[in-house]
Structure formats: C-alpha cells, structure tokens
Amino acid sequence: GAVVSQHPSWVICKSGTSVKIECRSLDFQATTMFWYRQFPKQSLMLMATSNEGSKATYEQGVEKDKFLINHASLTLSTLTVTSAHPEDSSFYICSAEPRDKSYEQYFGPGTRLTVT
Amino acid sequence: AQSVTQLDSQVPVFEEAPVELRCNYSSSVSVYLFWYVQYPNQGLQLLLKYLSGSTLVKGINGFEAEFNKSQTSFHLRKPSVHISDTAEYFCAVSDPGSSNTGKLIFGQGTTLQVKP
C-alpha cells in the first residue's frame, strides 16, 4: 500500500515550452502533497506544499508563476513548469501525506526534466 | 532556521560489516526526525522515524537509529550490511510546532557503498 506515482518519469522539452508533471496517490487519499527538486548528487529542496482545494504555499525563492501547482483532488497534484529554460532541468519529486496519517510522507519515483 | 548535516558524503564498507551514518540537526527545540533511503532512479522510502517516546528507533531492513537530544543527533546504524543496502541515505527533520508540520528539511545525503 501507500504508492505514489509520477508521470512522466522523464521528459525532454525545448526551451520556452511548458511541461506538466502529474503526481498521484494510488491507494490512499492525500490532503497534502509536496513538490521537491533534486539536483544531481544533492539533497531534496522543498519547492511548495499543496493542499487539496486551496492554493499552494511556495518556499522562499520559488517563483509561483513559473512553477504552477494544482491539487484538484485528494489523489492528484500537478506541477507545470512554464516557459522552461535549461536551468530548470532537474529531478522533480512529489510526496503525499495520507489524510489519516500525519507525519508520514510517501514519495513518488521522480520525474527527470531536461530542457534543451 | 532548521538545518540538517550529514557528516559523511560517502561511506564505503565491506559486506557484513557494521555501519553508522551520522546526522546532526541544528535546533534544540522539539523535532521529528526521519531517515529515508533512495535507490538509483527511484523515489525515497522511509526507513524509520522518531516522533516521541523511546530514543532507540527500529526501522525496516534491519536499520535502527538513536535520538540524542543533548547532542542533537540521530545517527543511523546497521550491525551487518548487505550489498543490497548500497544506496543514498537522507536524514530529514520537521518541526511539529510549525504551521506546516509536513515540511521536511533534508540533509545532503550519504552514499553507502557496500563492497563484496
């Protein structure tokens, strides 16, 4: 149980285009989902926290107009990287917190984004 | 602001030897502590967590960690490692008193390399 999926697992896009990444909790409902960014050989940095039905809370230094987050249901959150540039190339990971289990997050396998 | 330091970026060890991965956090206030493992090209998997109670926490795959409040440490140990334990290990902390209790602050990660 407690599986989180991400789609796509990897994507290559051209500079200036937008890319949408989906995060789904497959067998539980998640009131809160988190989006992280991980650079090669580095740690995870929290980008934003999204709660179902409300606006996401972005961490300091993260452009909310560039990284659009939508948490439309208890099992789906999406991250859209708008007008992507090569510096946005990274590994994006989501996690989901079950509504009946605080302080436990289940992580997706990540999405590798390469912007050319 | 809370920070997490993993003192070793890489830990090479022979199979069946014991291992300790070190983690220190900055704040002396109440914290929740976590260890996650990341296998290549996969998401993070929770090994164990400390929320309260006994300072010795047992997790999956034979790992355990000890919470030491006076030293603000949460070191991860395993008495005998296997080749399959080769992975990246992340220590993380959250603040139970914050408005976003799910927000995790990660350490830089430690690469455990188990040699035959």
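Letters A, B, ... mirror the listed sequences (proteins, then strands); counts begin at 1.
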Margin query: Could you go through B:Asn24 and B:Leu7, starting from their C-alpha distance and side-chain angles, then the distance that decides it, and tell me whether this counts as side chain to side chain contact (heavy atoms under 4.5 Å, CB included)?
Written below: CA-CA 8 Å; B:Asn24 285 88; B:Leu7 297 160; 3.3 Å; yes
Note to self: Applying side chain to side chain contact (heavy atoms under 4.5 Å, CB included) to A:Phe107 and A:Tyr36, what does each step give before you reach the verdict?
What the structure shows: CA-CA 10 Å; A:Phe107 285 77; A:Tyr36 296 85; 3.8 Å; yes
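For the 3.5 Å distance criterion, the side chains of A:Glu52 and A:Gln29 fail to qualify, holding no donor opposite an acceptor.
Heavy-atom distances place no part of A:Gln6 under 4.5 Å from chain B, backbone and side chain included. At a 4.5 Å heavy-atom cutoff, the contact between A:Gln105 and chain B is made by backbone and side-chain atoms alike. Heavy atoms of B:Gln6 lying under 4.5 Å from chain A are absent altogether. Both the backbone and the side chain of A:Leu44 come within contact range of chain B, judged by heavy atoms closer than 4.5 Å. Interface residue B:Leu104: backbone and side-chain heavy atoms are both found under 4.5 Å from chain A.
A distance of 7.5 Å separates OG of A:Ser90 from CD of A:Gln38, quoted to the nearest 0.5 Å.
Options B:Gly43, B:Ser9, B:Gly109 differ in how many heavy-atom pairs under 4.5 Å they form with chain A, and the most are formed by B:Gly43.
A:Lys20 has no carboxylate O lying under 4.0 Å from a charged side-chain N of A:Glu22, or vice versa, which leaves the two without a salt bridge.
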